[in-house]
Amino acid sequence: MRFATWNVNSVKARLPRLLEWLDTTKPDVLCLQETKVAEDGFPTAEVGELGYDVAAYGQGRWNGVALLSRVGLDEVRKGFAGEPGYPDPEARAISAVAGGIRFYSIYVPNGRTPDDPHYTYKLSWLSALRAALAAEIDAGPLVVAGDFNVAPTDDDVWDPKVFIGSTHVTPPEREALSEIRGIGLRDIVARPMKGDHPFTYWDYRAGMFHKNLGMRIDLVYATGSVADRVTDAVVDREARKGKGPSDHAPIVVDLDG
DNA sequence: ATGCCCTTTACGAAAGGA
């Protein structure tokens, strides 16, 4: 089984690239973030022609998550129990069972700056996610994948000095991720196609991608029942090249069986 | 070369991203 996660930064703007990527990479399950469309605007028919079922959760202009699967999609849930909003609910989490695994596609709030109310919201959201996951960690195999908007360690940013005083690297954010792992989830670290750091995001500006100045903020957390089956995990930086890419690259994970 | 910000709504410009 092959699954993947990808922040596409608008599924409409990325549709030609998404379809080409699906056709060549052929994941069984794909977790999408920042789709930026309401459910009725999702290109369900287009991905359906490639054999994928869709579960989408969107609100239009911002956010938006989805799951694509060609091995079934059951027990779809939009959001999670106790999920905070700002103050209204935002489309940042969707989960469903596919191929015997419950997959979460999540888009963690950005936080903006450490003194911004959105930062408090980010920490609350991560805490609520941990609680929701803890309640079902024993229910079966689980994968939580997506844009966590946190670089777990200083090795996960291209220059830690640049990020002093910024979000994505603060101790409370990193502790929130550690607490999520603490309920029984393992970080499936992908191998980079280039360099020593499996970065998944590179700013569009200033040739950051071409200098490989990125961040590892897209993550795959999985229960041991899934992690023990991993045969390969890679950041597909090919998908970040060329004309009209997302600013994030997909992570592709292969499982035995 | 992989190449120097993008997407949304809305029709100009502002917001958000990380």
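No hydrogens, no waters, no symmetry mates; every other heavy atom, side chains included, goes into these values. Reminder, nothing fancy here: chain letters follow the sequence lines and each chain counts from 1.
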Inset, instruction - Look at A:Asp247 together with A:Arg205 and state whether they make a salt bridge at an N to O cut-off of under 4.0 Å. - result: no
Legend entry - B:dT7 base / A:Lys12 side chain donor-acceptor hit below 3.5 Å: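 Answer no: no donor N or O sits under 3.5 Å from an acceptor.
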Legend entry - Summary of ring pair (Phe, Tyr, Trp, His ring centres under 6.0 Å) pairs that have at least one residue in residues 79-98 of chain A, sequence neighbours excluded: A:Phe80-A:Trp125, A:Tyr86-A:His118, A:Tyr86-A:Tyr121
Determine the Euclidean distance between corresponding [atom1] atoms of [M] and [N]; express it in Å to zero decimal places.
{"N": "B:dA14", "M": "B:dA1", "atom1": "P", "answer": "38 Å"}
{"N": "B:dT7", "M": "B:dA18", "atom1": "C1'", "answer": "15 Å"}
{"N": "B:dA10", "M": "B:dA15", "atom1": "P", "answer": "15 Å"}
{"N": "B:dG16", "M": "B:dG3", "atom1": "C1'", "answer": "25 Å"}

Legend entry - Cationic tip of A:Arg240 above A:Phe209 ring, under 6.0 Å, 45° of axis: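 Geometry flag: set, cation within 6.0 Å and 45°.
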Would you kindly give the [atom1]-to-[atom2] distance between [X] and [N], to the nearest whole Å?
{"X": "A:Lys211", "N": "B:dA1", "atom1": "NZ", "atom2": "C1'", "answer": "15 Å"}
{"X": "A:Arg240", "N": "B:dC5", "atom1": "CZ", "atom2": "P", "answer": "11 Å"}
{"X": "A:Lys194", "N": "B:dT2", "atom1": "NZ", "atom2": "P", "answer": "10 Å"}

Legend entry - Contact state string [nucleotides 11-18 of chain B, B base, S sugar-phosphate only, - no protein heavy atom under 4.0 Å]: ---B-SSB
Legend entry - Backbone of A:Lys26 reached by a side-chain donor or acceptor of A:Arg70 within 3.5 Å: yes
Legend entry - Upstream residue (5' side of DNA chain B) when A:Gly60 and A:Phe209 are each assigned their closest nucleotide: A:Phe209
Legend entry - Under-4.0 Å side-chain N/O to phosphate OP1/OP2 contact, A:Arg14 with B:dT7: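 Looking at the OP1 and OP2 atoms of B:dT7, one of them is under 4.0 Å from a side-chain N or O of A:Arg14.
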Legend entry - A:Ser10 side-chain N/O to B:dT8 phosphate OP1/OP2 under 4.0 Å: yes
Legend entry - CG (A:Asp159) with more than 12 external heavy atoms under 6.0 Å: yes
Inset, instruction - Using distance alone, with no hydrogens and no angle criterion, decide if A:Thr153 and A:Asp155 have a side-chain donor and acceptor under 3.5 Å apart. - result: no
Legend entry - Check: A:Asn7/A:Glu34 side-chain N/O donor and acceptor closer than 3.5 Å: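 Indeed, the side chains of A:Asn7 and A:Glu34 share at least one donor-acceptor pair under 3.5 Å.
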